[in-house]
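Reckoned from all heavy atoms, side chains included, excluding hydrogens, waters and symmetry mates.
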Amino acid sequence: MSEKIRSHSFWFIDFLKGGKVKSHYNDIKFILENFNTDKSIKQRNYHLSSLMDHAIKTVPFYKDYKGYNSIYDFPIVDKMLLRESVNDFISNKFKDKSSYEVSTSGSTGTPFVVFQDKNKKNRNTADTLFFGEKAGYKIGHKLFYIRAWSKVISKSRLTTLLQNIRMINVKNLNYESISGIIKEIEKGSSNNAFIGYPSAFKEICKFLDAIEAKPIKAKISSMIANAEPLGDPIKNSIKKYFDFNILSRYSNMENGILSQQITNGGSFFHINWASYYIEVLDLKEDKPADYGNLGRVVVTDLFNYNMPLIRYDTGDLAVMDISNTFNNAPAFTKVEGRKMDTIYSTDGRVMTTVVYELEYFPEIKQFQLIQKDKKIYLVKINIDGHFKQEQKMTTLLKSFLGEDAIIKVEYVDEIPELSSGKRKLTINTMIY
């Protein structure tokens with residue numbers, strides 16, 4: 001009953017405000033669930049052409065592209081250009097209007113700010129509801145949201161009450177707080193949903209390992225990992241303790257939810273074609289990468305009219321192919337994360353999952369794999385006491401990276417956190 005009251009309250013408040021989130025939600029749902037129909041195609045084309053027309057008329061940077069024939073006539077932009085020329089990307093229609101500032105300084109340490117309008121915020125809310133439902137979550141379910149919370153992004157008390165959200169700061173996630181979460185979901189009768197960093201889920205499972213816990217008896221409706229790659233060891237631990245198949249979401253602060261795995265949708269990351277036009281381009285040239293090949297993720301945000309981002313190179317890498325498990329639309333088969341964090345083998349192959357092999361050594365508290373040169377790698381390890389399996393670890397890594405790999409090991413007291421509360425698992429400091 002509590003869940004139903006919260007759901008009805010949310011939609012009633014939206015109704016009083018003009019039903020804008022509901023309208024966006026219905027649009028997203030129709031476009032994605034009817035992807036190959038004429039009406040869905042027409043609606044997606046309308047969103048794209050409206051955004052481009054708005055940009056050339058009101059955004060200084062795009063004023064020279066009035067004679068465009070398609071989106072491919074627009075240039076590709078990146079964080080560096082946007083950071084240096086931010087005022088040139090802001091629409092004249094929004095210069096004197098209130099806006100929402102989104103900062104993404106976490107991975108680079110250099111602030112990068114995007115301004116969004118109210119309609120864009122409503123679209124993001126609707127995206128969150130749609131993709132949450134595709135993972136089993138519904139408004140009113142108790143949602144444990146584990147991330148680095150700050151005053152800027154924290155939700156109001158009214159919002160957390162109405163939506164039944166527990167804001168958990170990843171920086172405060174310890175055995176005491178984890179124990180409290182486990183007790184809460186075991187004693188309660190609510191449907192419980194989780195969203196958080198894979199590293200946070202890892203800490204939860206490490207706690208359960210430490211106390212030799214039995215499978216948790218609780219109603220779990222949804223588990224979504226975001227912001228970091230999700231490896232099989234964490235998936236297996238979540239399955240062991242919660243009897244639930246955790247799903248992955250690919251999103252960023254400057255745009256929103258770009259793609260997500262969904263219940264019964266296989267391993268595909270189903271792309272949010274309703275709110276974005278997404279390209280995967282060749283690693284070296286500005287041309288489409290073939291299906292099945294790794295490429296750069298380039299995003300056109302269809303709903304941020306305050307600061308239109310057309311063909312924005314996110315710096316992330318992914319592989320695209322046709323999905324046959326949801327709507328037969330192009331989807332991501334892999335999302336690799338940032339190009340600067342990509343590890344290569346000694347013969348130049350992208351090594352997607354090699355860092356997760358370190359999770360099979362449970363005595364390692366924290367780890368980080370750094371590629372220093374074509375054949376030189378550094379493994380940083382935080383561990384209590386002496387690591388007896390160092391040779392086994394280096395042999396295992398060589399089986400992936402190459403037998404001619406030079407692997408150095410450095411023991412540290414701590415792998416530093418980013419401002420976002422995340423830790424980088426991989427870093428590439430060479431120019432490949």
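- There is no side-chain donor-acceptor pair under 3.5 Å between Tyr137 and Asn191.
- Classification of Lys239 and Asp243 as a salt-bridged pair holds, one side-chain N sitting under 4.0 Å from a carboxylate O.
- Listed for the Asn192 side chain is a donor-acceptor partner under 3.5 Å among the backbone atoms of Lys219.
- Ionic pairing of Asp286 and Arg311 is not present here: no N-O contact between side-chain nitrogen and carboxylate oxygen is shorter than 4.0 angstrom.
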Item checked: Residue pair Trp11, Ile139: steps toward the side chain to side chain contact (heavy atoms under 4.5 Å, CB included) verdict -> CA-CA 10 Å; Trp11 290 118; Ile139 295 175; 4.0 Å; yes
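- In this model, no donor atom of one side chain and acceptor atom of the other lie less than 3.5 Å apart for Ser23 and Asn26.
- Side-chain atoms of Tyr68 and Asp53 include a donor-acceptor pair closer than 3.5 Å.
- Within the 4.5 Å cutoff, the side chain of Leu358 has heavy atoms near those of the Leu397 side chain.
- With Ser40 contributing its side chain and Asn36 its backbone, the two residues share no donor-acceptor pair below 3.5 Å.
- Minimum interatomic distance between Pro198 and Ile234 (heavy atoms only, all atoms of both residues): O-CD1, 3.5 Å.
- The nearest pair of heavy atoms linking Leu294 to Ala289 is O-CB, 4.2 Å.
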Margin query: side chain to side chain contact (heavy atoms under 4.5 Å, CB included), that's the test. Do Val21 and Leu129 meet it? Break it down for me.
Written below: CA-CA 9 Å; Val21 174; Leu129 295 177; 4.1 Å; yes
Next item on the list: Dump the intermediate steps for side chain to side chain contact (heavy atoms under 4.5 Å, CB included) on Leu401 and Ile343, then the final yes or no.
Entry: CA-CA 9 Å; Leu401 298 172; Ile343 299 296; 3.9 Å; yes
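- Taking every heavy atom of both residues into account, Val280 and Gly295 meet most closely at CG1-CA, 3.5 Å.
- Proximity of a side-chain donor or acceptor of Ser85 to a complementary backbone N or O of Leu82 within less than 3.5 Å is not detected.
- Inter-residue side-chain proximity for Ile28 and Arg123 is flagged as met; some heavy-atom pair is nearer than 4.5 Å.
- Between Asp117 and Lys97 there is no salt bridge, since none of the side-chain N atoms of the basic residue sits less than 4.0 Å from a carboxylate O of the acidic one.
- The 12-atom threshold is exceeded at NZ of Lys95, counting heavy atoms of other residues, nucleotides or ligands nearer than 6.0 Å.
- Contact detail for Asn306 and Ser99: the closest heavy-atom pair is ND2-CB, 2.9 Å.
- Side-chain contact between Leu208 and Ile216 is present, with heavy atoms from C-beta onward closer than 4.5 Å.
- The number of heavy-atom neighbours closer than 6.0 Å to NZ of Lys93, taken from other residues, nucleotides and ligands shown, is 12 or below.
- Annotation: Asn174, atom CG; neighbour count of heavy atoms from other residues, nucleotides and ligands within 6.0 Å is above 12.
- More than 12 heavy atoms of other shown residues, nucleotides or ligands fall within 6.0 angstrom of atom OH in Tyr175.
- Taking the six-membered ring for Trp and thresholds of 30 and 60 degrees, Trp273 and Phe35 have ring planes inclined between 30 and 60 degrees apart.
- With hydrogens and angles disregarded, a donor-acceptor distance shorter than 3.5 Å links the side chain of His270 to the backbone of Gly265.
- Not one N or O on the side chain of Lys63 forms a donor-acceptor pair closer than 3.5 Å with the backbone of Thr58.
- Residues Ser248 and Phe269 are in side-chain contact: their nearest non-hydrogen atoms beyond the backbone lie under 4.5 Å apart.
- The minimum heavy-atom distance linking Ala126 with Tyr25 is given by the pair CB-N, 3.5 Å.
- In this structure, Glu414 places its CD atom where more than 12 heavy-atom neighbours from other residues, nucleotides or ligands lie under 6.0 Å away.
- Ion pairing of Asp14 with Lys22 is absent here, as no side-chain N (NZ or NE/NH1/NH2) approaches a carboxylate O to less than 4.0 Å.
- In this structure, Gln116 contributes its side chain and Tyr100 its backbone to no donor-acceptor pair below 3.5 Å.
- Between Val86 and Val113 the shortest heavy-atom distance is CG2-O, 4.3 Å.
- Counting heavy atoms from C-beta on, the side chains of Arg249 and Ile257 come closer than 4.5 Å.
- With respect to the salt-bridge test (charged N to carboxylate O, under 4.0 angstrom), the residues Lys138 and Glu3 do not qualify.
- Looking only at distances, a side-chain donor or acceptor of Thr314 sits under 3.5 Å from a matching main-chain atom of Val297.
- Geometrically, Lys39 engages Phe30 in a cation-pi contact, judged by NZ or CZ lying under 6.0 Å from the ring centre and within 45° of the ring axis.
- Counting only N and O atoms by type, the side chains of Tyr312 and Asn255 include no donor and acceptor under 3.5 Å apart.
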Checklist line | Test side chain to side chain contact (heavy atoms under 4.5 Å, CB included) applied to Tyr65 and Ile310, step by step | finding: CA-CA 12 Å; Tyr65 297 91; Ile310 299 175; over 6 Å; no
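- At least one donor-acceptor pair closer than 3.5 Å links the side chain of Arg296 to the backbone N or O of Asp282.
- With Asp73 contributing its side chain and Ser70 its backbone, the two residues share a donor-acceptor pair below 3.5 Å.
- Test Tyr305, Phe303, Tyr276 against His47 for ring pair (Phe, Tyr, Trp, His ring centres under 6.0 Å) and you get one pass: Phe303.
- For Lys120 and Asn124, the side-chain atoms include at least one donor-acceptor pair closer than 3.5 Å.
- Using bins of under 30°, 30° to 60° and over 60° for the plane-to-plane angle, the ring pair Phe61/Phe89 lands in the parallel bin.
- No more than 12 heavy atoms of other residues, nucleotides or ligands sit less than 6.0 Å from atom NZ of Lys20.
- Considering only heavy atoms from C-beta on, Ile168 stays 4.5 Å or farther from Phe194 through its side chain.
- If you check the side chains of Asp127 and His24, you find no donor sitting under 3.5 Å from an acceptor.
- For the residue pair Tyr62 and Lys57, no side-chain donor N or O sits within less than 3.5 Å of a side-chain acceptor on the partner.
- Of the possible polar contacts, none joining the His141 side chain to the Ser221 backbone as a donor-acceptor pair under 3.5 Å is found.
- Counting only heavy atoms from C-beta outward, the side chains of Ile146 and Ile204 approach each other to under 4.5 Å.
- Using a 4.5 Å heavy-atom threshold, the side chains of Phe74 and Thr300 count as separate.
- Salt bridge annotation for Lys29-Glu133: absent, with no cationic side-chain nitrogen under 4.0 angstrom from a carboxylate oxygen.
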